Amino acid sequence: MAASEVVIGVIFLSQTVIGVLGNSSLLYHYLVLYSTRCRLRCTDLILKHLIVANLLTLLVRGVPYTMAAFGWQVSLGDVGCKVLFYLHRISRGGSVGSTCFLSVFQAIIISPMDSRWAGLKVKAPKYVGSSLCLMWALYSLVNVIFLMYITGNWSKKNLTSLKYHGYCSSIRHDKTTESLCAALLFLPDALCVGLMLWTSSSMVSILYRHKQQMRHIHRTHVSPGSSLESRATKTILLLVSTYVSFYTLSCIFQMCLSFTYNPTWFLVSTCTIVSGFFPAVSPFLLLSRDSSLCTCCFANIRNTKAPIHMRNM
């Protein structure tokens with residue numbers, strides 16, 4: 001086994017283990033908050049969907065690629081490859097969709113009462129759950145196309161008609177068909193990223209105006225909820241900017257992978273590692289920024305008979 005393969009295997013293993021532990025820890029925090037009668041916000045529901053998408057992404061891609069990198073035989077067959085690639089695409093869509101919903105919802109929440117978002121402040125929380133379900137259904141339907149393209153490495157099909165993807169392969173088609181499929185798969189992601197950038201710019205503008213207003217108000221008169229909401233918005237902006245950065249980098253490698261006739265193992269591995277950065281890093285960004293996760297949890301554990309706590313960021 002080459003030294004480069006060992007290094008790639010160690011990176012895959014570290015990324016998968018650290019990411020799964022981070023997301024599991026964050027999910028455990030939310031379960032504790034729920035079990036100790038700490039009422040969760042609507043953004044917490046979106047974050048739980050993001051955690052599930054992250055865990056699914058890390059497990060269905062990280063585990064097989066780690067095994068392949070260390071030279072272990074990964075023989076999934078046609079059905080196994082189709083299922084894993086399909087689940088990965090759905091989880092990837094869940095990740096971009098949840099991050100988009102998080103950005104849009106927070107932009108609505110912090111918008112001034114005289115803005116065009118004001119009418120949605122009351123209505124938006126009612127549709128968070130149904131919107132998330134619709135998102136998962138949309139990505140499940142769009143990515144059905146992968147069930148037709150993906151096959152096992154040991155397929156009886158002509159090897160010249162297959163493109164290698166590590167432990168699985170994809171069937172080559174003519175350039176027109178591949179371009180149409182790529183556009184179909186890319187369109188929902190592009191819409192979500194566009195919404196993230198738009199709502200993020202709106203939140204930055206709102207935070208700037210809020211900061212300017214606070215300069216003219218004495219500190220003792222500043223609402224604590226206002227500063228907490230501001231911190232929540234900065235956390236979401238950090239999460240969105242991190243996602244967009246890693247997503248852009250991942251798209252560059254995906255394009256290189258798509259336009260390469262016979263991609264090397266190194267290119268396939270690098271593309272997979274880059275796509276796993278956000279699922280592995282995002283839970284630690286949230287845990288480090290949202291101290292109320294621990295504060296509310298410990299407060300409830302110390303006094304289980306206390307009234308229901310409403311979390312604030």
Side-chain angles (χ1 to χ4, degrees), residues 19-20 23 27 42-65 79-106 124 127-151 165 168 170-171 173 177-200 236 239-240 242-251 253-255 257-258 271-272 274-280 282-283:
V20 169
N23 283 282
L27 185 60
C42 291
T43 51
D44 293 328
L45 176 61
I46 303 174
L47 286 173
K48 284 191 285 186
H49 280 259
L50 178 61
I51 294 168
V52 171
N54 287 344
L55 283 171
L56 195 57
T57 300
L58 291 166
L59 290 173
V60 300
R61 293 286 270 184
V63 174
Y65 272 105
V79 175
C81 284
K82 290 177 188 295
V83 170
L84 280 187
F85 266 77
Y86 181 62
L87 288 176
H88 173 255
R89 289 297 307 184
I90 293 175
S91 63
R92 187 175 181 273
S95 181
V96 64
S98 299
T99 310
C100 177
F101 274 121
L102 195 63
S103 179
V104 171
F105 187 82
Q106 189 65 20
Y127 299 104
V128 170
S130 57
S131 298
L132 288 168
C133 291
L134 183 62
M135 172 201 70
W136 286 107
L138 173 64
Y139 276 104
S140 297
L141 289 174
V142 169
N143 289 290
V144 166
I145 193 171
F146 266 82
L147 298 177
M148 298 181 287
Y149 272 78
I150 300 300
T151 185
H165 291 286
C168 293
S170 61
I171 302 171
H173 290 80
T177 303
E178 289 186 352
S179 299
L180 288 173
C181 291
L184 176 64
L185 295 170
F186 179 71
L187 182 60
D189 290 356
L191 290 174
C192 287
V193 172
L195 273 174
M196 282 187 226
L197 295 174
W198 178 45
T199 53
S200 295
I236 292 173
L239 193 69
V240 169
T242 303
Y243 181 86
V244 172
S245 300
F246 284 138
Y247 179 82
T248 303
L249 191 60
S250 177
C251 282
F253 279 100
Q254 286 286 352
M255 289 177 63
L257 191 63
S258 299
C271 184
T272 306
V274 170
S275 66
F277 276 148
F278 179 78
S282 58

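Because the structure is predicted, anything quoted here is derived from the model rather than measured.
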Less than 4.5 Å apart, any side-chain heavy atom of [X] and any of [Y]?
X    : Y    : result
L195 : L191 : no
I51  : P283 : no
L50  : I46  : no
Y247 : R92  : yes
Y86  : V60  : no

If I compare all heavy atoms of [X] with all of [Y], which pair ends up nearest, and what's the gap?
X    : Y    : answer
C192 : G97  : SG-CA, 4.3 Å
L132 : H49  : CD1-CD2, 3.4 Å
I90  : S140 : CD1-OG, 3.8 Å
C251 : F186 : SG-CE1, 4.3 Å
G276 : L58  : O-CD2, 4.1 Å
W136 : G94  : CH2-CA, 3.7 Å

- Task: Establish, yes or no, whether a centroid distance under 6.0 Å links the rings of F105 and F101.
- Result: no
Would you say [X]'s side chain and [Y]'s backbone share a donor-acceptor pair under 3.5 angstrom?
X    : Y    : result
S103 : C100 : no
D189 : V96  : no
S98  : S95  : no

Atom pair [atom1] ([X]) and [atom2] ([Y]), whose distance is rounded to the nearest 0.5 Å:
X    : Y    : atom1 : atom2 : value
L47  : L239 : CG    : CG    : 7.5 Å
S282 : N23  : OG    : CG    : 5.5 Å
H88  : S275 : NE2   : OG    : 4.5 Å
C271 : R61  : SG    : CZ    : 7.5 Å
R89  : I145 : CZ    : CD1   : 10.0 Å
Q254 : L249 : CD    : CG    : 11.0 Å

- Please work out which of the three classes, parallel, tilted or perpendicular, describes the rings of Y243 and F278, given edges at 30° and 60°. perpendicular
- Go through the steps to decide whether L102 and V240 satisfy the test side-chain contact (heavy atoms from CB on, under 4.5 Å), and finish with yes or no. CA-CA 9 Å; L102 195 63; V240 169; 5.9 Å; no
